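Notes for the one structure printed next.
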Amino acid sequence: MYKYDAIDRQLITERVEQFRDQVSRWQSGELTSDEFRPLRLQNGLYVQRHAPMLRIAVPYGMMNTAQLRKLAFVARTYDKGYGHFSTRHNMQFNWPKIEDCPDILGHLADVEMHAIQTSGNCLRNITTDQFAGVAADEVIDPRPLAEILRQWTTFHPEFAFLPRKFKIAISGTKEDRAVTWFHDIGLHLQQQDGETGFRVIVGGGLGRTPIRGQIVRPFLPWQHILTYCEAILRVYNRFGRRDNAYKARIKILVQALGVDAFTQLVETEWAQIKDGPATLTQAEYDRIAAHFTAPAYDRQVDASAFANQIENDKAFARWVERNTHPHQVAGYVAVTLSLKQHGAAPGDISADQMDLVADLADQYSFGELRVSHEQNVILADVRKSDLHAVWQAAKGAGLATPNIGLLTAIICCPGGDFCDLANAKSIPIANAIQARFDNLDYLFDIGEIDLNISGCMNACGHHHVGHIGVLGVDKNEAEFYQVTLGGRQGYDARLGKVIGPSFAAEEMPDVVEKIISVYLENRHPDERFLDTFDRIGIDPFKNRVYEGRAHGKAKTAQKEAA
Amino acid sequence: MMAQLIKDNTLAADTWQTLELGPDETPENVALPSGDVIFPAAVWLARKTEIISGNKRIGLLLKGDDRLEDIGGDLDHFIVIAIDFPKFVDGRGYSTASLLRQRYRYAGELRAVGDVLHDQLFFLKRVGFDAYALKGDKNAVQAIAKGFSTFSDAYQTSTDQPQPRFRRRA
Ligand code: HEM
Ligand code: SF4
């Protein structure tokens, strides 16, 4: 994992001092609230429904155990003993005091963590694949280039006040686990004629106008990534709309100009800076990549006991089936610790759980861990012979729900319980669905399915790319939920289709159950939900869900509620 | 309140006046003052020859929507170019400044005007500004003491440091 050098460390220390000074100038009235707002946002500090919220970056999802323990310390000391992992490799604390934030950031800086650019209209935290560097299907490890991009984005002087937020995701596998098609810039690392480079995708995004990104350059040799990003950002900074926040993302500019004209502008700009000093060198790549070398793997893992354990312990076998991921090194797997325990807020993790995960990582996974955009924690390098011990410890802490990839591993934003922008609550919907599908045999029988929930059209819960997507909507001040089907992430990422009029909260478990029943009745052997959906289309689902609702029970329910 | 001009790390007297168009004035009909005048780009474009013959020292004001490409050939005429920040969160001026310095090789005074505050100074300096019209009601002493030295180094290439940090490593 990347370790800071003296300058990296100095910069984040200076950032803490800068922020401390900004807070004190705001308290003294020298900075108005309007002037302070963008400054605190660029430090991840929101003011939410009940309290401020502080968002801390976990750059490209990698963390060491000292960092996780520090987060546990912050959760206990300055918050209510827990934190929330978001879909963007961030940890959010829901209850800090503004005046404590400089101290919190000071503690974080001690372990090379920060909240820099985790919000605001600037270059945000870079995200990638949670299995980067260990995944069996990986073509190129994206982490060195993600770190290079992290440095480039940090305090970029020209791009600190963009028209709108800007998110870059990078992936190095064919399958793409980083939702790269739905980012402002999505980068696919690939090899062409023996050369390493990127497919550059621009103009994707979710939110109220979800758009799949478009390829601006099929292949860009890796050395040029900084100058090319600079060209894209400069075009966006100059020509992106600033009159309307809803039309300010780069996706709108790309749509307005058309991808060809947009590409032309970028290429013209790039021609002027290409091969300049910001062109990456092999020496720099090697220097950064040296931080991401493989740990001292045990090349002789004795997996015989493991085979027995699988044979004899069904619960363990289920967990292994769902919560482990193939590894490049024989005898190892990556373990996903589920933060989707039924009944808990998806993505939430208590300080005690953080400490336990840190202990597990120290003992079994070289002292490092990852967070995923599905809001789980990953131990990336676990010996098969250690799995049973990891499972038992995780189980004791509520971190071993064997549901990864299944219906109840719901991606869910904080919604109306915390978020000021919410139209509807999302956590209780997730919990009600989990309660309905609490039977593991049933859950396993249903098989792979992504259910994503957002509390409003900002789409923080990625509802558009859930196989089943649930979106909170506000109708006459009452909370309703719109359902989409067929969305997906991955290389073939696409948006779900709206099934029809929205539903009241208490209807949601029934609605999901009906959708599932259509699948179970129609599936061919070996078909996942998505396969059946693609084969039979949306109508059978629609018919079942709205059966017997002359013009929609939702409407009546809505009137009653209103 | 009058803006406070910061130059060379100190408060400086401002000898320049900026031509503002009244409600009935257009770039074509506005009276051209003499002395050290900063002309809006539209006035410059409409009245170039007149301005050149009437004013020895010419300044230019670039607003957000003005196209740098339109005045790129005229830069030798200007002693000052002022770039307007209508709101401090409107960051177009950073790209304009970068282009003026790095692409067009403009070497005169580059002045940030408008909603210019303490916490922009570091970035403004990096992209190539060398004069800053800090808003009148802000603490200039504090801004000068801390605003330019917020960070001791930077990763990226920029006007004030054309070499990225990775090329400056020992
Ligand atoms: C609680 C405070 C939060 C606020 C105020 C907030 C606000 C927003 C807004 C306004 C957008 C739409 C941006 C646009 O389309 O221009 C957005 C998008 C997004 N946010 Fe949040 N969000 C919050 C929390 C979260 C959390 C907890 C997550 C992760 C669970 C998250 C992840 C995302 C993602 C993935 C997107 C959509 C991707 C895209 O930008 O296109 N946000 N958020
Ligand atoms: S989707 Fe809406 S409700 Fe959920 S966190 Fe984002 S802004 Fe808040």
Side-chain angles (χ1 to χ4, degrees), chain A residues 5-8 10-15 17-18 21-22 25 28 30-32 34-39 42 120-122 148 150-163 226-227 230 233-240 242 269 272-273 276-281 283-285 287-288, chain B residues 64-69 85-99 101-104 115 117-129 135 137-139 142-143 145-147 149-170:
Chain A
D5 67 9
I7 296 288
D8 298 323
Q10 182 158 345
L11 291 179
I12 62 164
T13 310
E14 288 166 343
R15 171 59 146 200
E17 287 323 304
Q18 179 194 35
D21 182 52
Q22 288 167 342
R25 278 187 281 131
S28 75
E30 162 80 8
L31 273 174
T32 66
D34 277 351
E35 290 164 352
F36 181 52
R37 189 173 168 276
L39 303 177
Q42 297 217 348
N121 295 333
C122 51
I148 286 169
R150 179 195 73 82
Q151 297 188 11
W152 177 77
T153 57
T154 301
F155 309 137
H156 198 298
E158 191 177 330
F159 306 130
F161 297 101
L162 295 168
L226 300 187
T227 51
E230 182 175 325
L233 263 302
R234 186 171 281 164
V235 166
Y236 173 52
N237 193 38
R238 296 186 69 200
F239 304 117
R242 290 176 184 269
E269 179 58 38
Q272 304 277 339
I273 50 181
T279 308
L280 286 170
T281 59
E284 174 65 358
Y285 182 86
R287 182 182 77 85
I288 302 282
Chain B
D65 291 328
D66 293 331
R67 282 168 38 91
L68 197 49
E69 287 76 1
F85 289 81
K87 287 184 293 209
F88 74 98
V89 291
D90 183 337
R92 286 175 290 185
Y94 295 92
S95 286
T96 312
S98 297
L99 287 170
R101 293 292 199 209
Q102 295 167 34
R103 181 94 21 101
Y104 292 90
D115 200 10
L117 305 172
H118 178 140
D119 296 281
Q120 288 142 279
L121 296 178
F122 180 80
F123 290 150
L124 291 171
K125 176 181 77 135
R126 286 212 68 210
V127 297
F129 286 96
K135 275 182 91 175
D137 57 343
K138 297 297 171 186
N139 184 334
Q142 224 178 38
K146 288 192 175 168
S149 54
T150 316
F151 299 105
S152 49
D153 205 334
Y155 295 112
Q156 313 81 359
T157 57
S158 191
T159 306
D160 75 338
Q161 177 46 275
Q163 294 297 316
R165 182 159 173 268
F166 67 80
R167 286 183 192 267
R168 292 182 280 115
R169 299 181 66 86

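To find a chain, count down the sequence lines: A is the first, B the second, and so on, and within it residues start at 1. This one's a predicted model, so the numbers in the text were calculated from it and none came from an experiment.
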In Å, rounded to the nearest 0.5 Å, how long is the span from CG of B/D119 to CG of A/D21? 7.5 Å
Heavy-atom proximity to chain B below 4.5 Å, by part of A/E230: side chain
If you count heavy-atom pairs under 4.5 Å with chain B, which of A/I288, A/L162, A/T281 comes out on top? A/T281
Interatomic spacing from CD in B/Q120 to CD in A/E35 - rounded to 0.5 Å: 9.0 Å
A/E284 versus chain B, the contacting section by heavy-atom distance below 4.5 Å: side chain
Minimal non-hydrogen separation, B/F166 against A/P277, with atom names: CZ-O, 3.9 Å
Out of the candidates B/T157, B/V127, B/T159, only one should pair with A/P157 under the side-chain contact (heavy atoms from CB on, under 4.5 Å) rule; please name it. B/V127
Chain B contact via A/T13 - side chain, backbone, both or neither, heavy atoms under 4.5 Å: neither
Is it the case that the side chain of B/R167 and the backbone of A/T279 share a donor-acceptor pair, with hydrogens and angles ignored and the cut-off at 3.5 Å? yes
Evaluate A/E30 against B/Q142 for side chain to side chain contact (heavy atoms under 4.5 Å, CB included), listing each step before the verdict. CA-CA 10 Å; A/E30 162 80 8; B/Q142 224 178 38; 4.2 Å; yes
Distance check, rounded to the nearest 0.5 Å: A/R150 atom CZ versus B/Y155 atom OH? 5.0 Å
Taking B/D65, B/L99, B/D115 one by one, which has the highest count of heavy-atom pairs under 4.5 Å against chain A? B/L99
Please round to the nearest 0.5 Å and tell me the distance separating atom CD of A/E158 and atom OG of B/S98. 3.5 Å
Taking atom CZ of A/R287 as the centre, does the number of heavy atoms from other residues, nucleotides or ligands within less than 6.0 Å exceed 12? yes
Less than 4.5 Å to any heavy atom of chain A: does that hold for the side chain of B/L124, its backbone, both, or neither? neither
Please check this pair: side chain of A/Q151 against backbone of B/Q156, looking for a donor-acceptor N/O pair closer than 3.5 Å. no
Side chain to side chain contact (heavy atoms under 4.5 Å, CB included), that's the test. Do A/R25 and B/K138 meet it? Break it down for me. CA-CA 11 Å; A/R25 278 187 281 131; B/K138 297 297 171 186; over 6 Å; no
Partner chain A: residue of B/R126, B/K125, B/R169, B/Q163 with the largest heavy-atom pair count (under 4.5 Å): B/R169
Are the side chain of A/Q10 and the backbone N or O of B/S152 linked by a donor-acceptor pair below 3.5 Å? no
Region of A/N237 that comes under 4.5 Å of a non-hydrogen atom in chain B: both
Top contributor to chain B contacts, counting heavy-atom pairs under 4.5 Å, from A/I148, A/D8, A/L233, A/L31: A/D8
First locate atom CZ of A/F161, then atom CZ of B/F123, and finally report the distance between them rounded to the nearest 0.5 Å. 7.0 Å
Select one option (side chain, backbone, both, neither) describing which atoms of B/K146 are under 4.5 Å from chain A's heavy atoms. side chain
Smallest separation among heavy atoms of B/P164 and A/A278, with atom names: CG-CA, 4.2 Å
Value for CG (A/L39) from CZ (B/F88), rounded to nearest 0.5 Å, stands at 5.5 Å
Considering all heavy atoms of both residues, which atom of A/D5 and which atom of B/R165 are nearest to each other, and what is their separation? OD2-NH2, 2.9 Å
Provide the closest heavy-atom pair for A/R238 versus B/R92 in the form atom of the first, atom of the second, distance. O-CD, 3.8 Å
Partners of A/F155 by ring-ring contact (aromatic ring centres under 6.0 Å, His included), sequence neighbours excluded? B/F151
Could you work out, with salt bridge (charged side-chain N to carboxylate O under 4.0 Å, His left out) as the rule, every residue matching B/D66, not counting sequence neighbours? none
